[in-house]
Q: 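Got a structure for you, written out below as structure tokens; questions coming shortly.
Proteins get letters first, then strands, A, B, ... in listed order; numbering begins at 1 in each.
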Amino acid sequence: MTEPLSAQYDPAAIEAPLYREWEERGYFHADAERVNAEGRDPYVIVIPPPNVTSVLHMGHGLNNTIQDVLTRWRRMQGREALYLPGTDHAGIATQNVVERLIAGEGLTRDDLGREQFVERVWDFVDRTGTTILEQLRSIGCSCDWTRTRFTLEPDLSRAVREVFVRLYEKDLIYRGNYIINWCPRCLTALSDEEAEPEETAGRLYHIRYPVTGTVSSDMPRLPDGRPFITVATTRPETMLGDTAVAVHPADERYTGMIGGRVMLPLADRELPVVADDYVDPEFGSGVVKITPAHDPNDFELARRHDIPSVNVMTPDAAMNDSVPERFRGLDRFDARRAVVAELEELGLLERVEEHVHSVPHCYRCHTVVEPRLSEQWFVRMKPLAEPALAASRNGRVRFTPDRWTKVYDQWLENIRDWCISRQLWWGHRIPVWYCRNPGCGHVMALREDPTSCPRCGGSELEQDPDVLDTWFSSWLWPFSTLGWPDETADLKAFYPTHSLVTAPEILFFWVARMIMAGYEFMGDAPFTDVYLTGTVRDTQGRKMSKSLGNGIDPLEVVSLYGADALRYTVISSVGFGTDVYMDPDNLDASFGPGRNFCNKIWNAGRFALMNLGDEPVQTVDAVAADLELADRWILSRLDAASADVTRSLEAFRFHEAAEGGYHFFWGELADWYLELIKPRMQDRENAASREAAKATLVHVLDGAMRLLHPIMPFITEALWQRLPAPAGTAKEESLVIGHWPLSSGRDEEAEASMNALMELIGAIRTLRSEYNVPAGSRIDVRLTGQGAALQGALAAEARAVHRMCRVDAIRESAREGGGDVGAHAVLRNGADLFLPLAGIIDVEQERQRLGRELERIEGQLRGTEARLGSDKFTARAPADIVAREREKAESLRDQRSRLAAKLQGLG
RNA sequence: GGGCGCAUAGCUCAGUUGGUUAGAGCGCACGGUUCACAUCCGUGAGGUCGGAGGUUCGAGUCCUCCUGCGCCCACCA
């Protein structure tokens, strides 16, 4: 049926075939009917869709492993589990990739024209868009690939359009002016993410604006007698677009001027003086020039005070016709020089300061971004935010770690309208048409493309050239992927979904908006739990990124260490809500332990299978009467581990789930149970004992593989498939659809006995090590005063214990009247342990060795104490040196007493 | 500037509502190849839990302040 386990653990040999088998057998497919008709409990995760152009990085590795662990675990619990995959069309990112591509052919998008360019992008996406989904397979993600979605596919585009029109009809979408980031070289709008702030050495120009309105007597005056105020700016050329100056309402220096007027130099326009909290009285002169068309803050302020805007630049950032003629056509930086020179000439330039500040640059061409006023589409967010806020407050949506709840609430409480239009070609075209009939001018948002104007019947219709923000399709993802706006069986079965696993960076962009859309269009939250992962960083704490070149390629890790090692590593690195640190230059440090664990599982499995042989194995129930202490103990520990891992997963404590499985398998099953049953496995004399051990071994291995399967699906399946089914039981087809271990109860008595026994073995090993007892020599151990638990345990497991600490016998007998030499220890339960060492080690030699050691320590201690006893030393030496000496003395005294005790034991 | 978080072994981190002796992995030291595994086994060293106060019978855990890092948001014209 299945091949035996190879001598060497080789992940590459098992992973791909197993994944293919799982996928072919349809284990990952979720069936809506089983939920809708049979009443099975669903469990749903929709993937945060990666950019269609992206390749797998460690962040995906972390994220999707967590999602897969949750999915696999719930699937094993009997839920109808759906892990729904897909990709995002990622407007700007994708358009840029293709623009770079055609630049290689010497083409720009304008050369191609909109239609042809978009076709090129589709070509590209069709060819490369499944890369990342393939990569998710290689880390074992159990996605239902029959439901793969893409945000720009026709069904989802229909959802986007339906949503736009509905919101438009509810008057929740409107058109308005907004300052955007504009690259004057690329001639395109940039998202906030693409405008990269950079510390730049600039200048702060202090410019005098003559006051024409109300004047107080103590105001400074120009040489010609005119009073003035000083404003500070880093971009003097924009003053030509000033439409006001502003002061803080509580700034006593200027209260008298509020409502007054100043004269804008060079342009000779009068500007009003307004008061606004935005102004920081501490900065510069406390007076701000207001240029609404070229600064987002000024724009907001102007909106509050109903101040007009004057745009003074062309798209390529030259001065336009709104400025005095002598500046027209000058590039913005030439204009800056000209403006400054003229101000200086007029005596209006008070001073210039060096000023380092952060300036946004175009991430593509590094040109300084110019804020620019333009007309954009917006969503009114307040009405949508209310139910989303209620959802976190009433617990319908829970955030893990909990602290994110506050962050989420704060953002929603101060929500601002959402600018959804983008000046791009790749994306969902805004479904708005303008009637160009001069007498009509109707604006319409439509579900179907119009052929004529419904108002005037005219046929000169023009569609809005812009596309929608990428997030305008992603915020519908949890239900658009299930078939909305149709009422599908999938929607009925799988909405709302359950866990959303994503990075905190997109809490606002995406998570909050999905919750709003869920309530608005489905009447319920889109998921019940939001798990925010940490960020994957390098050892210097820098975020892993392609541009920094400090990334780790998950596929490289898979090929070097295996997918299971990768998964184990990321899962066990996920502290509760903390970032994940990995060293790109030392993969072994990060992934070695995971690989070693896999190796341990593999070898323990091989050992078990070798010993089990081909004979039928009994169920644990069938051999219940013959179970020995070790058997009862490991069964109880399996139960503890199951409860532990289950509890950890329920609380999204992945680190603990991984540690729990690891500790049970390695620290208890492999280190202790396998060692304890070695003598029994091939025992021909005592069949009952042998069969009890085998039955228990199969049972606990089966349980351990189940517990570890969500985290390490491949190796656990490979081993599990080869485990024999106990007589009279039917084996499940695969662990993927196998059941999660259920609690069967603890055996406190067995655990207490085993704990005592393990302590005894540890103590004997310690003494052997400390007294340099040669590994080969066997000794008799004497034990007195042991409790019933230990006594029983010793009787039950004598053979194994003797083997495990290389003793011939453990007798109940006291050390005889001081005559014996040997090593001595007291156990926690009060039992007294004595290892006679006469004839085992050269006692005299050991005594001399210890004696020399003791002398050496005492010598050092004398020196140290002498120093500490000297007033000169304690008074004059630096405090940290004195402290170090004290520490040293403490440690030396410690060593001395231990050595003395040992020597005493030797006679 | 506003908000949030972190500080525990040489390194990376656990430590659940306060409660026996603060744990793990890696690294380090010593000893081990008897046939599951040297990607292993055994043993050990190493911690005034960032600092100072406070609450308490009891504080790594709760409170206040300080110091040093990190992140998010808004960014000072």
Q: Establish, from distance only, whether the side-chain atoms of Thr696(A) and Lys694(A) form a donor-acceptor pair under 3.5 Å.
A: no

Q: Name the orientation class of the two ring planes belonging to Phe399(A) and Tyr408(A) (parallel below 30°, tilted from 30 to 60°, perpendicular beyond 60°).
A: tilted

Q: When the ring centroid of Phe654(A) is compared with that of Tyr531(A), is the distance short of 6.0 Å?
A: yes

Q: Regarding His802(A) and Asp808(A), do their side chains bring together a donor and an acceptor under 3.5 Å, going by distance alone?
A: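 There is no such pair (donor and acceptor under 3.5 Å, judged by atom type) between the side chains of His802(A) and Asp808(A).
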
Q: Let me know the distance between CE of Met758(A) and P of G42(B), rounded to the nearest Å.
A: 13 Å

Q: What interatomic distance, in whole Å, is found between P of U16(B) and the corresponding atom of C11(B)?
A: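 One P to the other, the span is 22 Å.
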
Q: Using atom P of each nucleotide, how far apart are C13(B) and C6(B) to the nearest Å?
A: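 Result for the P pair: 13 Å, nearest Å.
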
Q: Say you pick atom C1' in G58(B) and the same atom in G54(B); how far apart are they, in whole Å?
A: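 G58(B) and G54(B) have their C1' atoms separated by 15 Å.
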
Q: In terms of the angle between their ring planes, are Phe665(A) and Phe597(A) parallel, tilted or perpendicular, with boundaries placed at 30° and 60°?
A: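 Judged by the thresholds at 30° and 60°, the geometry between Phe665(A) and Phe597(A) is perpendicular.
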
Q: Could you tell me whether Arg235(A) and Glu237(A) have a side-chain N and a carboxylate O separated by less than 4.0 Å?
A: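 Judged by the 4.0 Å cut-off on N to carboxylate O distance, Arg235(A) and Glu237(A) do not form a salt bridge.
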
Q: Taking for each residue the nucleotide of RNA chain B bearing the nearest heavy atom, is the 5' side occupied by Asp671(A) or by Gln410(A)?
A: Gln410(A)

Q: How would you label the contact of Val407(A) with the nucleic acid (heavy atoms, under 4.0 Å): base, sugar-phosphate, or nothing?
A: nothing

Q: Watson-Crick or G-U wobble partner for G44(B), using a 3.5 Å limit on both distances?
A: C28(B)

Q: With no angle test and no hydrogens, is the base of U34(B) tied to the side chain of Arg806(A) by a donor-acceptor pair under 3.5 Å?
A: yes

Q: Counting heavy atoms from C-beta on, name the nucleotide in C4(B), U39(B), G15(B) closest to the side chain of Lys406(A).
A: C4(B)

Q: Using Watson-Crick or G-U wobble geometry with both distances below 3.5 Å, tell me the partner of U39(B), or none.
A: none

Q: What's the closest nucleotide to the side chain of Gln8(A) if the choices are A77(B), U39(B), G5(B)?
A: U39(B)

Q: Counting heavy atoms from C-beta on, name the nucleotide in U39(B), U43(B), C73(B) closest to the side chain of Thr766(A).
A: U43(B)

Q: Looking only at the side chain of Asn297(A) (C-beta and beyond, no hydrogens), which of the listed nucleotides G42(B), G15(B), C75(B) gets closest?
A: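 Of G42(B), G15(B), C75(B), C75(B) is nearest to the side chain of Asn297(A).
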
Q: Write down the distance separating the P atoms in A59(B) and G18(B), rounded off to the nearest Å.
A: 13 Å

Q: Just how far, in rounded Å, is P of G32(B) from CD1 of Ile764(A)?
A: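 It is 20 Å, rounded to the nearest whole Å.
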
Q: Could you tell me how far apart Glu770(A) (CD) and G32(B) (C1') are, to the nearest whole angstrom?
A: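 Rounded to whole Å, this separation is 17 Å.
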
Q: Watson-Crick or G-U wobble partner for U17(B), using a 3.5 Å limit on both distances?
A: none

Q: Without decimals, in angstroms, what is the distance between Leu697(A) CG and A36(B) C1'?
A: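 One finds 12 Å between C1' of A36(B) and CG of Leu697(A), rounded.
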
Q: If every non-hydrogen atom of Thr238(A) is compared with every non-hydrogen atom of Lys289(A), which pair is closest and at what distance?
A: OG1-NZ, 2.8 Å

Q: Rounding to a whole Å, what distance do you find between Arg803(A):CZ and C41(B):P?
A: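 Taking CZ of Arg803(A) and P of C41(B), I get 14 Å after rounding.
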
Q: Both Arg647(A) and Ile761(A) contact RNA chain B. Taking the nearest nucleotide for each, which residue is further toward the 5' end?
A: Arg647(A)

Q: Can you tell me, in whole Å, how much space there is between the C1' of G60(B) and that of A22(B)?
A: 7 Å

Q: Can you label the angle between the Tyr561(A) ring and the Phe591(A) ring as parallel, tilted or perpendicular, going by 30° and 60°?
A: tilted

Q: Now, which nucleotide makes the Watson-Crick or G-U wobble pair with C4(B), with each of the two distances under 3.5 Å?
A: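 Pairing partner: G70(B).
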
Q: Leu674(A) side chain: which of A77(B), A36(B), G42(B) is closest?
A: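 Of the candidates, A36(B) comes closest.
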
Q: Rounding to a whole Å, what distance do you find between Leu587(A):CG and U12(B):C1'?
A: 16 Å

Q: Just to confirm, is there a sub-4.0 Å distance from OP1 or OP2 of C41(B) to any side-chain nitrogen or oxygen of Lys600(A)?
A: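 Checking Lys600(A) against C41(B): at least one side-chain N or O falls below 4.0 Å of OP1 or OP2.
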
Q: Step through the shown structure and confirm whether more than 12 heavy atoms of other residues, nucleotides or ligands are within 6.0 Å of CZ on Arg765(A).
A: yes

Q: What does Ala246(A) touch in the nucleic acid at a heavy-atom separation under 4.0 angstrom: a base, only the sugar-phosphate, or nothing?
A: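 No contact.
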
Q: How many Å lie between CE on Met610(A) and P on A36(B), as a whole number?
A: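 So the two atoms are 6 Å apart, to the nearest Å.
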
Q: Does the distance from a Lys or Arg side-chain N to an Asp or Glu carboxylate O, for Arg799(A) and Asp683(A), drop under 4.0 Å?
A: yes

Q: Counting side-chain heavy atoms from CB outward, which of G15(B), C37(B), U39(B) is closest to Glu656(A)?
A: G15(B)

Q: Would you classify Glu675(A) as touching base, sugar-phosphate or nothing, given that sugar-phosphate means primed atoms plus P, OP1 and OP2, and contacts are heavy atoms under 4.0 Å?
A: base

Q: Given the P atoms of C4(B) and U8(B), what is the spacing between them in whole Å?
A: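 C4(B) and U8(B) have their P atoms separated by 22 Å.
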
Q: Under 3.5 Å, is there an N or O donor on one side and an acceptor on the other linking the side chain of Arg765(A) and the base of U43(B)?
A: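 Side chain to base: no pair present.
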
Q: Across all strands, who's sitting opposite A59(B) as a Watson-Crick or G-U wobble pair, both distances under 3.5 Å?
A: none

Q: Hunt down the Watson-Crick or G-U wobble partner of A22(B), both distances under 3.5 Å, from any strand shown, or write none.
A: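 With both distances under 3.5 Å required, A22(B) matches none.
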
Q: For nucleotides 20-31 of chain B, give me every protein contact, N/O to N/O, under 3.5 Å, one pair per line with atom names.
A:
unit_1: U21(B); atom_1: O4; unit_2: Arg828(A); atom_2: NE; d: 2.8

Q: Taking only the side-chain heavy atoms of Arg595(A) (C-beta and beyond), determine which of U39(B), C37(B), A77(B) contains the nearest atom.
A: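 Within the option list, the nearest is U39(B).
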
Q: Could you work out the separation of U61(B) and U56(B) based on their C1' atoms and round it to a whole Å?
A: 13 Å

Q: Pairing check on C65(B): which nucleotide meets the Watson-Crick or G-U wobble criteria with it, both distances under 3.5 Å?
A: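 C65(B) is paired, partner G51(B).
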
Q: Quote, to the nearest angstrom, the C1' distance that separates A29(B) from A9(B).
A: 15 Å

Q: Can you measure Phe509(A) atom CZ to C73(B) atom P for me and round it to whole angstrom units?
A: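 Whole-Å distance recorded here is 8 Å.
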
Q: Going by an N to O cut-off under 4.0 Å, is there a salt bridge joining Glu659(A) and Arg653(A)?
A: no

